[in-house]
Amino acid sequence: MRVGMVAAMVTSVLAGCSDNDYDTPQPTPPPVVKPAPAQVTLRVMETTDIHMYLANYDYFAQSASETIGFANTATLIKQARAEVDNSVLVDNGDLIQNSPLGDYEALVRRDDILAGSTHVVYKALNLLDYDVGNLGNHEFNFGLDFLDATIQGADFPYINANVYKADGDNDASNDENRFTPYHIQEKQVVDANGNTQTIKIGYLGLTPPQIMQWDKANLDGKVVAHDIVETAKKFVPKMKEEGADIIIAIPHSGLSGAPHKEMAENTSLYLASVPGIDAILFGHDHRLFPGDAAYSNLPGVDNEAGTINGVPAVMPGFFGNHLGIIDLVLKPTSDGGWEVAQSKVEARPISSGSAAKGDFVDLAEADDEVLSAIEVEHQATIDWISQPFAKISAPIYSFFALVQDDPSIQVVADAQIDWGKRFIQGTSLDGLPVLSAAAPFRAGRNGIEDYTNVAAGEIALLDTVSLYVFPNTIRLVKLKGADVKEWLERSAGQFNQIDPTSGAQQNLLNTAFPTYNYDVIDGVTYEIDVTQPNRYDLDGKLADANAHRIVNLRYNGEPVDMQGDFLVVSNNYRASGGGNFPKVNPTDSEVFEGPDENRGVLRNYLIGQSQQNPNGFDPSADGNWKFKAIEGGETLNVVFRTSPTEAVKALAGDLPAVTPTSPVQTDENGFALYQLDLSK
């Protein structure tokens, strides 16, 4: 019955139709018109130089700190992301090395990570949905195998364009990239009209070519590095050809006004002139851009707007203390692409003020999700570094390491000289003078808490890490006496020139000079005349051939023989040319490689000395260097910066040439200013 009804209905419908109804063209549906694109605001966020400071915790002070830590930065990232419709997040390297947590992962958990376990750093970063990561120079400190295994744990791509596989043919044109050189992301964004658009964002990763010097033992014969700027000129056009609408350069490279030269370390100024680069996320210098006074007078640099040669750029400090933010306003172009119309740059801090001034403000509480993710490895690190292994009879501190001979350098020097003498026993070098070059790694470079302070008594692994921050390997360099003097002249760039006729306050320390380049050479005695100009500039280039700050350089009480042979124990960074010290590199001098880490040498020395001295080893400085006395210097107002703690004031009471300013002054970064009597 139902079939009959349907048939009747069909017959009825057909009866009402004519033949013409089937021949008449039906109207074509109107095409779907895609809304014209409107401008897009894209927030680009950067972290850099985290150096394994993941928790809001200072391993050296063994206490919480709200001035460092990726857990705090994570809070800023979440806040900054919530403020806008469109954002991307980038890490710019020097991520896996430096803090004791980094050592724990690379030494204690190494085999687990090589076997596929996730490095703790990615247990944290993977929570924040990073878009891309770049390799810094310190990523190479633990070798390529460990690096490869480590970045396997990242839930985001890694890039680097200027490190290539070593093929041994000396033909750079056919070199093959060791890593993925760039990443082009098809990013879905919302424009000003609320419509979805697709923008192709190109990211280009770059690292200092000096990795081939600094990590020669890990990289020689395996990879080669090319120039940063030339690499960008090579790849930016390729990225454009592949459809990149905008290109973000991510150089782990600082900002310097020195004339550009091939294979330069700090190239962000010149990278900004490469056509096609729309924004720069840089790092390596442990400084802030925009804002750091060191960048105020560089040509082409706007230290307020945050542009370099007109290109928006940011560098967000170190240890997670800032988040870099570039807000790009992108407008559509007539050919269907996008271009930058406006930019706004900010280095957003996790805190402000200081406890010393009483105006500290915590601007970003630590993220509980990050802290929970890293808790096991974080606590294991604290336990690992807290185990005592030796004993000292006097304290070791670095509060005055830049203004007088210092126990934190002395103990390293003693260990290195002891190692050097053992190393050459029975060789053709036996009998040559053995000296030591060591720098104060923790002398305020990274803030007011960045000092070594180890009490007398039992010491732990933590203390050796505090004394020797970097996992360097030991080296022996053979030089002439004249080269030893030039080494010291380069180190003396740590100091500003003092006018002996001025009664105005004069700052002794040049804070743009990194303290890890202030080498003290033990085994000789010498004085530094700070009334003279610098012989070398900040980059190690001869600035004044007639300038001589190093005077009364003696060995065993006699003037150093400028043509005599000397052996200087240092590390792989310095011996390979790090810091651009004259003649201190494998090309201009003989370099002998030891198998040990400098920290291991230090630790073994302290154990041996403790066994010989039941009451503990005395690390007190031997006073082998000082400033040349200035006649009438007691009337000068020469100041230097150091930690603002009461412990420093107490120690200064025993130092005849050092007194706190009265009332105690502090600088803009919270450091206390102390006066130095240069008449003594």
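Along the sequence shown, residues carry numbers from 1.
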Please list, chain by chain and in numerical order, all residues satisfying salt bridge (Lys or Arg N to Asp or Glu O under 4.0 Å) with E346, sequence neighbours excluded. R348
Test: salt bridge (Lys or Arg N to Asp or Glu O under 4.0 Å). Region: residues 333-342. Which pairs qualify, not counting sequence neighbours? K331-E339
Residues which pass salt bridge (Lys or Arg N to Asp or Glu O under 4.0 Å) with E139, listed by chain and number, not counting sequence neighbours: none
Distance-only criterion, 3.5 Å: show the donor-acceptor pairs between side-chain atoms of residues 198-206 and protein atoms not counting sequence neighbours.
residue: T198; atom: OG1; partner: Q188; partner atom: OE1; Å: 3.4
residue: T198; atom: OG1; partner: Q188; partner atom: NE2; Å: 2.8
residue: Y203; atom: OH; partner: Q185; partner atom: OE1; Å: 2.5

Among all residues two or more places apart in sequence or in another chain, which pass the side chain to side chain contact (heavy atoms under 4.5 Å, CB included) test with P237? none
Report the residues that fulfil salt bridge (Lys or Arg N to Asp or Glu O under 4.0 Å) with R43, sequence neighbours left out, ordered by chain and then residue number. E83, D327
For N496, enumerate each residue passing the side chain to side chain contact (heavy atoms under 4.5 Å, CB included) test, keeping only those at least two apart in sequence or located in another chain. N507, N510
Who pairs with E242 by salt bridge (Lys or Arg N to Asp or Glu O under 4.0 Å), at least two apart in sequence or on another chain? none
Sequence neighbours left out, what pairs pass salt bridge (Lys or Arg N to Asp or Glu O under 4.0 Å) with at least one residue falling in residues 271-295? R287-D292
Counterpart residues, side chain to side chain contact (heavy atoms under 4.5 Å, CB included), relative to P316 (two or more places apart): E46, T48, H322
For N177, what residues pass the side chain to side chain contact (heavy atoms under 4.5 Å, CB included) criterion, not counting sequence neighbours? Y164, P181, F235
Contacts satisfying salt bridge (Lys or Arg N to Asp or Glu O under 4.0 Å) that involve residues 88-97 (not counting sequence neighbours) are none
